[in-house]
Amino acid sequence: MNKLNVLIVDDAPFIRDILRHILVRNGHTVVGEAEDGVQAVAMTLEKKPDLVIMDIVMPNMTGVQATKEILASLPETKVIACSTIDQDNMLMKVMEAGAVEYIKKPFSAPDVIKIIEGVFSPRKEDT
């Protein structure tokens with residue numbers, strides 16, 4: 001898998017730290033970190049990452065609304081939602097908004113990498 005430029009979006013600094021370590025350890029570049037949906041939209045438009053890992057429940061703008069705004073401007077950007085187990089209703093909404101996959105909190109490093117690889121690996125019919 002190619003090295004990706006990734007934006008991490010989560011209102012919890014410790015989650016951003018964990019994700020950053022997982023991504024960097026696996027050869028990816030973290031181009032920015034946002035703590036709410038408003039920052040996520042602005043940073044995505046500025047930095048144009050390959051991937052946005054998007055928390056769903058955040059202050060100022062939810063991950064659902066941020067995903068809609070990002071994909072309206074940059075439809076080629078991949079968004080992977082990140083959610084706690086008890087947020088299934090919101091998870092469904094963010095998938096409807098255009099997220100391509102989701103990571104359930106709490107997560108492990110192998111789970112995160114497997115999900116990212118699944119999104120960015122070519123499908124058999126594409127090869």
Side-chain angles (χ1 to χ4, degrees):
M1 185 172 71
N2 293 333
K3 180 172 100 166
L4 301 172
N5 291 321
V6 185
L7 176 68
I8 300 169
V9 185
D10 201 295
D11 58 332
F14 77 96
I15 295 290
R16 294 194 310 266
D17 287 344
I18 292 167
L19 286 168
R20 182 179 352 95
H21 290 295
I22 291 169
L23 292 163
V24 169
R25 203 170 43 236
N26 284 276
H28 303 295
T29 300
V30 176
V31 297
E33 296 180 22
E35 61 186 39
D36 65 32
V38 174
Q39 288 180 356
V41 172
M43 291 179 86
T44 302
L45 295 176
E46 175 190 342
K47 303 201 181 273
K48 297 180 176 53
D50 304 304
L51 171 63
V52 178
I53 299 179
M54 179 77 71
D55 188 15
I56 299 174
V57 179
M58 297 179 291
N60 301 321
M61 180 188 291
T62 68
V64 174
Q65 186 59 39
T67 297
K68 287 179 185 176
E69 290 194 23
I70 288 167
L71 295 177
S73 297
L74 297 168
E76 70 282 358
T77 303
K78 303 286 188 215
V79 177
I80 296 177
C82 194
S83 164
T84 57
I85 292 168
D86 62 348
Q87 296 172 341
D88 285 338
N89 185 41
M90 292 295 286
L91 188 54
M92 199 164 60
K93 288 180 181 178
V94 78
M95 298 302 286
E96 290 170 357
V100 294
E101 187 56 271
Y102 61 92
I103 298 167
K104 288 262 191 166
K105 298 176 190 174
F107 50 77
S108 68
D111 291 340
V112 171
I113 296 307
K114 181 179 177 184
I115 289 167
I116 292 170
E117 286 176 350
V119 168
F120 284 92
S121 293
R123 295 188 184 120
K124 288 182 181 169
E125 60 269 13
D126 294 342
T127 56

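This structure is a prediction, so every number in the text was calculated from the model and none was measured.
In this structure, K114 NZ and S121 OG are separated by 11.5 Å, a value rounded to the nearest 0.5 Å. Separation of atoms CE (M95) and OG (S83) is listed at 11.0 Å; rounding is to 0.5 Å.
When hydrophobic clusters are built by joining Ile, Leu, Val, Met, Phe, Trp and Tyr residues whose side-chain heavy atoms come closer than 4.5 Å, directly or via intermediates, V52 is grouped together with M61. No chain of hydrophobic side-chain contacts below 4.5 Å, direct or via other Ile, Leu, Val, Met, Phe, Trp or Tyr residues, connects V57 to V38. Hydrophobic clustering (ILVMFWY, side-chain heavy atoms < 4.5 Å, transitive): V100 and I113 are in one cluster.
The two residues A34 and M43 have their closest heavy-atom pair at CB-SD, 3.8 Å. Between M58 and G37, the shortest heavy-atom contact is CE-N, 3.6 Å. Contact record, H28 with L4: ND1-N, 3.0 Å, taken as the closest heavy-atom pair. Across all non-hydrogen atoms, the minimal contact from A40 to M54 is CB-CE, 4.1 Å. The two residues N26 and I22 make their nearest non-hydrogen contact at ND2-O, 2.8 Å.
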Side chain to side chain contact (heavy atoms under 4.5 Å, CB included) between D111 and K104, worked out | CA-CA 9 Å; D111 291 340; K104 288 262 191 166; over 6 Å; no
Could you walk me through whether V94 and Y102 pass side chain to side chain contact (heavy atoms under 4.5 Å, CB included), step by step?
-> CA-CA 9 Å; V94 78; Y102 61 92; over 6 Å; no
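Listed by chain and residue number, T29, V31, D50 satisfy the side-chain contact (heavy atoms from CB on, under 4.5 Å) test with N5 (two or more places apart in sequence, or in another chain). Judged as a side chain to side chain donor-acceptor pair (under 3.5 Å), and not counting sequence neighbours, the contacts of N60 are D36. Considering only residues two or more places apart in sequence or on other chains, E101 meets the side-chain contact (heavy atoms from CB on, under 4.5 Å) condition with I80, I115, V119. Taking A72 as the reference, nothing meets the side-chain contact (heavy atoms from CB on, under 4.5 Å) condition, with sequence neighbours excluded.
The side chain to side chain contact (heavy atoms under 4.5 Å, CB included) with I56 is formed by just one residue from the set T84, V64, T67, T62; it is V64. When each of L51, I53, T44, L71 is tested with V79 by the rule side chain to side chain contact (heavy atoms under 4.5 Å, CB included), just one qualifies, namely L71.
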Which donor-acceptor pairs under 3.5 Å do the side chains of residues 6-18 make with protein atoms, sequence neighbours left out?
| unit_1 | atom_1 | unit_2 | atom_2 | d |
| --- | --- | --- | --- | --- |
| D10 | OD1 | A12 | N | 2.9 |
| D10 | OD2 | K105 | NZ | 2.8 |
| R16 | NE | E33 | OE1 | 3.3 |
| R16 | NH1 | D10 | O | 2.6 |
| D17 | OD1 | R20 | NH2 | 2.5 |

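Between the side chain of Q39 and the backbone N or O of E35 there is at least one donor-acceptor pair closer than 3.5 Å.
Applying the salt bridge (charged side-chain N to carboxylate O under 4.0 Å, His left out) definition to pairs two or more places apart or across chains, none involves residues 68-83.
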